[in-house]
*Asks:* 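Handing you a structure now.
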Amino acid sequence: MIRLLRPFQNKSRLVLHRCEAPKTTTTQATTIPVPWNTRLRELSKQGQYQQSLTVYRKMLRSGAAPNAFTFPFTLKSCAALSIPITGTQLHSHVTKTGCLCEPFVLTALISMYAKCLLSEDAYKVFDENPLCKKLTVCYNALIAGYVQNSNLLNGVSLFCEMRRMGVSVNAVTMVGLASGCTNPLHMSLGMSLHCLSLKSGFDNDLAAENCLLSMYVKCESIQLARKLFGDIPGKGLITWNAMISGYAQNGLGTHALDLYYEMESSGISPNAVTFVGVLSSCANLGARRIGQEVEQKIWNLGLGFNLFLKNALINMHARCGNLVRARAIFDEMHEKSLVSWTAIIGGYGMHGQGDISVELFDEMIRTGIQPDGPVFVTVLSACSHAGLTNKGLGYFAAMQRDYGVKPSIEHYSCVVDLLGRAGRLEDARKLIDSMPVEPDGAVWGALLGACKIHKNVDLAELAFHEVVKLEPTNIGYYVLLSNMYTEAENLSGVLRIRLMMRERKLKKDPGCSYIEFKGKIHLFVAGDRSHSQSDEIHSMLSKLQDLIKELDGTKKYNDEKSDRELSSGVGVHSERLAIAFALLNTEIGVDILVIKNLRMCGDCHLFIKMVSKIVDRQFVVRDATRFHHFRGGACSCNDYW
DNA sequence: TTAGGGTTAG
C-alpha cells in the first residue's frame with residue numbers, strides 16, 4: 001500500500017500548466033530529471049502504475065504541489081491497481097487543491113471509484129458536483145463505471161437521463177454501453193447502439209467500431225460481426241484481433257486461422273493478443289504443426305514471456321497431444337496463474353492421467369492459490385475419466401465448505417458422470433433429484449452415457465425421456481439409446497427411436513474425423529469417397545481388415561460388426577478413413593493424431609487397437625471428450641460408446 | 001471517459 005507521507009505542505013494556488021520538478025538539492029527529487037507531470041504521464045502510458053504512485057509520493061516529499069494535470073495519472077494508477085484507499089486519499093488531495101472544478105479530474109475520480117468496484121462512491125462524486133451533470137465526459141465515465149460493475153441497467157438509465165438533459169452523446173458513450181452487451185440477451189440493445197452509431201457518424205471512430213464488433217462476438221452473432229468487420233475501412237490491429245478471437249471463442253478455428261493468414265498478408269503485424277486467439281484455435285482443431293510454427297514465431301518475436309501466451313501454449317500442446325511440452329512450459333513458468341494450473345490439470349485429465357491432475361490440484365492449493373469454479377470442473381472431470389471416484393467426491397464436498405465455491409450445474413453434471421462411470425447409477429440419480437438447481441440436458445446426458453457403459457436400459461430410458469425434453473434436437477442421445485437397444489437386441493426399441501427421429505425430422509449427424517498433414521487439415525466423414533486418395537485409403541483399409549482377421553485367432557474382433565455397419569448405410573467410419581490416410585502418408589516413427597468430433601464407438605476402438613499392434617505405431621485419437629492412446633494392441637482407456 | 005487476450009463438464 002502506498003502511504004502518502006507529507007501531503008500538501010504547499011497550499012498556494014496552483015498554476016495548472018507548470019507543475020514541474022523543482023530544482024532542489026534533495027536526492028529523491030534530483031533522481032527524476034523530468035518534470036513531475038510529464039514523468040507521471042509517461043509511467044501511466046507505460047502501465048507502470050506502482051511506479052507512478054511512488055513518483056507522486058516523491059513529488060509530495062519534495063514540496064512540489066500537485067495540480068489538475070497530476071491527478072488524472074495518479075487516479076488512473078489507483079484504478080489500475082484497484083487500491084481504493086489510496087484513491088480516497090487522492091480524492092481528499094483533489095478537494096484540498098481545489099481541482100474538483102476540472103472536468104478531467106472529475107472524470108478520473110469517477111472512473112477510479114468505478115474501477116475499484118465502488119459505483120456508489122463514483123455516483124457520489126457525480127451527484128455532488130453540478131458540473132458533472134453538464135459534461136459528456138462525466139456521464140461517460142459513470143456509464144462505463146456502471147457497465148464495468150455489471151450494472152448495465154443503471155448505465156442505460158443514465159444514458160436516457162443524459163439525452164433528456166440535452167447533454168451530447170459521443171462515441172465514447174456508445175462504447176461504454178456497448179461493452180456491457182455481453183450475452184445474446186443484450187443483442188437488441190447492442191443493435192440499437194449500432195444504429196445510433198451509424199446515425200451519429202460514430203462509424204468514423206475506430207474504437208467505436210471495434211467495440212461494436214466485439215459486442216456482436218460476445219452476443220454470439222458471429223455473422224453480424226463478420227459483416228461489420230468487412231465494412232470497417234481502416235482496420236487496425238485491434239479490429240483484426242477482435243475478429244480472430246471472436247472466431248476462436250465461437251469454435252470456428254479454421255476461420256480464425258484463415259483470417260490470421262489474411263492479416264499477415266495484408267501487412268499487419270500480429271501481437272500477443274493475436275497469437276492467443278490463434279493458439280486457442282490450434283488447440284481446438286488439434287492443429288499440432290501450425291501450433292508449433294506459431295510457437296516458434298512467438299519466441300522469435302520475443303513474446304514468449306507473456307503469461308496469457310504461455311497459458312495458451314500449455315493448452316495448445318496438451319490438446320494437440322504433446323503433454324510433455326505442455327508440462328515443460330508449465331514447469332518453466334516463474335509466475336503461474338490459476339488459468340495456468342487449470343490448463344495443465346485439464347491437459348492431464350484429457351489424457352486419462354487423472355492421478356497427476358489430482359497431484360497438481362493439491363499442489364496448487366498448497367501454494368495458496370484460491371480455486372475457482374472452472375478449475376473444479378476440470379479436476380472433477382479428470383477424476384471421472386481416471387476412475388478416481390472418492391477423490392472427486394471429496395473435492396465436490398470441499399468446494400463450497402473449504403473454498404467458498406458454490407457448485408454450479410457444470411459441477412453437478414461432472415459428479416453425475418463421476419458416479420455414473422463408477423457404476424453408482426442410483427447414487428447419480430439421487431444426486432440429480434437432490435440438486436438445488438433444475439438439471440439441464442448435460443446432467444441427464446451424463447446419466448444416459450453412464451447407463452450405456454453399464455448397460456442399464458431401464459434407467460437409460462428415464463434419462464433419455466428427460467434429456468429429449470430439454471434438448472429435443474440433439475441427435476446424439478437418440479443414437480445412444482438406439483445403440484443400447486441394438487446391443488440388448490431390442491428391435492422394437494430401435495424402431496421406436498427411429499420413428500421418433502423421423503417424426504422430429506432429425507437426421508444423423510455424420511460426424512467427422514480429421515488429421516493434420518503438412519499444415520493442411522484432411523477431413524473425412526463416414527463413407528466418404530471424395531478424398532483424392534480415396535482408392536488407396538480403401539485398399540489400405542481392406543488390407544488392414546485382412547490382417548486383423550488373420551491376427552484375431554480368438555475372434556475377439558468380430559467382422560460381423562463391420563459388415564453390419566457397412567450394410568446400415570453409415571459406411572466406413574470416419575476415424576478409420578483418417579487412420580488409413582495417415583498410414584499412407586505420415587512418416588514411420590511419428591505418432592499419429594486423429595481428431596474426431598463425436599465420441600469414439602466400440603467398433604472403431606477395437607479396430608484401432610488391432611491396427612496399432614499390426615503396424616507397431618502409436619495412434620492418439622482425440623474425440624469429443626478425451627484422448628485415447630493406442631499402442632501395441634492396447635489403449636490407455638476403456639470408455640467409449 | 002472508450003475498443004482486442006488464456007482455463008471449464010456431458
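Chain letters run A, B, ... following the sequence lines, proteins first, then strands; residues in each count from 1.
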*Asks:* Of the residues in residues 268-275 of chain A, which ones touch DNA chain B at a heavy-atom distance under 4.0 Å?
*Replies:*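 Of all residues in residues 268-275 of chain A, the ones placing a heavy atom under 4.0 Å from DNA chain B are Asn271(A), Ala272(A), Val273(A).
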*Asks:* Sequence neighbours left out, cut at 3.5 Å: what donor-acceptor pairs do the side chains of residues 121-130 of chain A make with other protein atoms?
*Replies:*
from	atom 1	to	atom 2	distance (Å)
Asp127(A)	OD1	Lys133(A)	NZ	2.9
Asn129(A)	ND2	Val125(A)	O	2.7

*Asks:* Can you list, by residue number, the residues of residues 331-346 of chain A that have a non-hydrogen atom closer than 4.0 angstrom to DNA chain B?
*Replies:*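 Contacts with DNA chain B under 4.0 Å: Ser337(A), Val339(A), Thr342(A).
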*Asks:* Name all residues meeting the side chain to side chain contact (heavy atoms under 4.5 Å, CB included) criterion together with Pro270(A); count only those two or more places apart in sequence or in a different chain, and write none if there are none.
*Replies:*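 Side chain to side chain contact (heavy atoms under 4.5 Å, CB included) list for Pro270(A), sorted by chain: Tyr260(A), Met263(A), Glu264(A), Thr274(A), Phe275(A).
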*Asks:* Ser408(A): which residues meet the side chain to side chain donor-acceptor pair (under 3.5 Å) condition with it, sequence neighbours left out?
*Replies:*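 Checked Ser408(A) against side chain to side chain donor-acceptor pair (under 3.5 Å); matches are Glu410(A), His411(A).
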*Asks:* Please list, by residue number, the residues of residues 307-318 of chain A whose heavy atoms come closer than 4.0 Å to an atom of DNA chain B; answer none if no residue qualifies.
*Replies:*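 Residues of residues 307-318 of chain A under 4.0 Å from DNA chain B: Leu307(A), Phe308(A), Asn311(A), Asn315(A).
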*Asks:* Sequence neighbours excluded and cut-off under 3.5 Å, please list the side-chain donor-acceptor pairs for residues 228-237 of chain A, or say none.
*Replies:*
from	atom 1	to	atom 2	distance (Å)
Asp231(A)	OD2	Lys227(A)	NZ	2.7
Lys235(A)	NZ	Phe229(A)	O	3.3
Lys235(A)	NZ	Ile232(A)	O	3.0

*Asks:* Could you list the residues that satisfy salt bridge (charged side-chain N to carboxylate O under 4.0 Å, His left out) with Glu461(A), not counting sequence neighbours?
*Replies:*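 Scan of Glu461(A) (salt bridge (charged side-chain N to carboxylate O under 4.0 Å, His left out), adjacent residues dropped) gives Arg496(A).
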*Asks:* List for me each residue that meets salt bridge (charged side-chain N to carboxylate O under 4.0 Å, His left out) alongside Lys45(A), sequence neighbours excluded, and say none if there are none.
*Replies:*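 Listed in chain order: nothing, the list is empty.
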*Asks:* Round to the nearest Å and state the distance from Tyr247(A) atom OH to dG4(B) atom P.
*Replies:*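 The answer, rounded to whole Å, is 18 Å.
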*Asks:* Name all residues meeting the salt bridge (charged side-chain N to carboxylate O under 4.0 Å, His left out) criterion together with Asp362(A); count only those two or more places apart in sequence or in a different chain, and write none if there are none.
*Replies:*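 Lys391(A).
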*Asks:* Starting at CG of Asn322(A), measure out to CD1 of Ile314(A) and round the result to the nearest 0.5 Å.
*Replies:*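 Those atoms lie 12.5 Å apart.
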*Asks:* In whole Å, I'd like the distance from the CD atom of Glu410(A) to the C1' atom of dT7(B).
*Replies:*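 Rounded to the whole Å, the gap is 13 Å.
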*Asks:* List for me each residue that meets salt bridge (charged side-chain N to carboxylate O under 4.0 Å, His left out) alongside Lys406(A), sequence neighbours excluded, and say none if there are none.
*Replies:*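 Listed in chain order: nothing, the list is empty.
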*Asks:* Without placing hydrogens or testing angles, list every side-chain donor-acceptor pair under 3.5 Å for residues 137-146 of chain A, not counting sequence neighbours.
*Replies:*
from	atom 1	to	atom 2	distance (Å)
Tyr139(A)	OH	Glu161(A)	OE2	2.9
Asn140(A)	OD1	Thr173(A)	OG1	2.7
Asn140(A)	ND2	Asn170(A)	OD1	3.0

